[in-house]
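Throughout, a chain's letter reflects where its sequence line sits, starting with A, and its residues are numbered from 1.
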Amino acid sequence: MFGLSLGSINVFLISAATKTTLTTTTRSCFSSKIHPVSVTVRKKRSKNSVLSQIEGQKFATHEIEGFAYNKGAKELAQHSESPAYWKKVLEGIRKMSCSADETADGREFDKEADTLDPKERRFSVLASSLLSSQTKEHVTDGATQRLRQNGLLTADAIDKVDEETIKKLIYPVGFYTRKASNLKKIANICLVKYGGDIPSTIEELLLLPGVGPKIAHLVMILGWNNVQGICVDTHVHRICNRLGWVSRSDTKQKTLTPEETRVTLQQWLPREEWAPINPLLVGFGRTTCTPLRPHCGECAISRFCPSAFKVTPSTSSKSKKSILKKKL
DNA sequence: GTCCAGAGGA
DNA sequence: TCCTCCGGAC
């Protein structure tokens, strides 16, 4: 159960949040190498040099690493004001998730994951993260199981097996043809460049085919227990905008992309919430705060939500087109 | 038929 | 910025 891995993440988070100095205990909580990063962010995402989209935004090294241990760190980590009641909102969503009897994470990663060799565990995290995107949970689980049963959850094995076999085994995950091809390429890169392990930084993960910001951050958290940033998918993006938790700089307009949401959200959301917020909002977004016709009537936090009961169904470009067609 | 959901290519 | 990739739920 992913809960196990989440457990270890929680341990890390608590220690990171409460330590005031960098101790060996804290350091040992990271299974990964720590890469101090100072990133200048660009407006347009390019595969080679990227982290995010807000121009001029810089992260202090200690912030990126996950430590708020020196004097200036707190101010830096909190340079944007938190929206009112955000704690109550998260608490309310947590309660709803529990009563709906959902898994807190919304994702099941490898029951046997803890018995695996760390390198193999990380590769399987990367593989299942890739499969899970744009795919229902049970479908991902089935595909991952089949890969495992065939011994295909290591870089070495994937590199050797032919693409057609992978394709058949992972069917019917979303975009299985492309994913099979990407998986082969990724396995080869992991083998050649990383000795069968996976990359340990966001930048290097982003160089892998089929890995964008969403999966890169997810893999850093689940694979390396290293919270570099929030894993923002379409649910986190939508819900944060509905709640008014993020907006374009100096305006009240919604953020335009998940990447913009991620950077904006990271400016005020305390670090210990970065890892758990994705599974929490994904569950909430699938059941209650749905993209089309959200169930505000049964939502326990609607009183905190500026969009409650007035979310107009977002008109997609496709439906806009068909509306236009009908008019013509 | 429409929408979902991230990444990549035009 | 839009389109494409996929099966499947609705």
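Between A:Asn182 atom CG and C:dC5 atom P there is a gap of 15 Å when expressed in whole angstrom units. Nucleotide C:dC6 holds its C1' atom 11 Å from the CD1 atom of A:Ile170, rounded to whole Å. If you measure from atom NE2 of A:His235 to atom C1' of B:dA5, you get 8 Å, rounded to the nearest angstrom. Atom CG of A:Leu208 and atom P of B:dG6 are 18 Å apart (whole Å). The interatomic distance linking A:Lys168 (NZ) with C:dC6 (C1') rounds to 18 Å, in whole Å. If you take CZ of A:Phe175 and C1' of B:dG8, they are 12 Å apart, rounded to a whole angstrom. Here the C1' atom of nucleotide B:dA7 and the CG atom of A:Leu126 are 14 Å apart, to the nearest Å. What separates CG of A:Leu130 from P of C:dC5 is a distance of 19 Å, to the nearest Å.
Remark: A:Tyr85 engages A:Phe304 in a ring-ring contact (aromatic ring centres under 6.0 Å, His included) (not counting sequence neighbours). Applying the salt bridge (charged side-chain N to carboxylate O under 4.0 Å, His left out) criterion to A:Asp197, with sequence neighbours excluded, gives A:Arg122. By the salt bridge (charged side-chain N to carboxylate O under 4.0 Å, His left out) test, A:Lys136 pairs with no residue at all, sequence neighbours left out. Contacts of A:Glu163 classified as salt bridge (charged side-chain N to carboxylate O under 4.0 Å, His left out), with partners at least two apart in sequence or in another chain: none.
B:dA5 and C:dC10 have their P atoms separated by 13 Å, with the value rounded to a whole Å. Rounded to whole Å, the separation between the P atoms of C:dC6 and B:dG9 comes to 14 Å.
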Please enumerate all protein N or O atoms sitting under 3.5 Å from an N or O of nucleotides 7-10 of chain C, with distances to 0.1 Å.
{"unit_1": "C:dG7", "atom_1": "OP1", "unit_2": "A:Tyr176", "atom_2": "OH", "d": "3.1"}

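A:Thr255 and A:Thr261 share a side-chain donor-acceptor pair at under 3.5 Å.
Electrostatic pairing of A:Arg94 and A:Glu91 does not count as a salt bridge here, judged by no charged N lying under 4.0 Å from a carboxylate O.
With distances taken from any side-chain atom of A:Pro213 to the nucleotides B:dC4, B:dA7, B:dG6, the minimum falls on B:dA7.
A:Gln266 places a side-chain N or O within 3.5 Å of a backbone atom of A:Ile230 that can act as its donor or acceptor partner.
Residue A:Thr234 places no side-chain N or O under 4.0 Å from the OP1 or OP2 atom of B:dC4.
Cluster membership for A:Val232 and A:Trp268, using ILVMFWY side-chain heavy atoms within less than 4.5 angstrom, is shared.
Within the 4.0 angstrom heavy-atom criterion, only backbone atoms of the sugar-phosphate kind lie near A:Thr177; the bases stay farther away.
Just one of A:Asp141, A:Val173, A:Thr140 meets the side-chain contact (heavy atoms from CB on, under 4.5 Å) condition when paired with A:Ser132; it is A:Thr140.
Contacts of residues 236-246 of chain A with DNA chain C (heavy atom under 4.0 Å): none.
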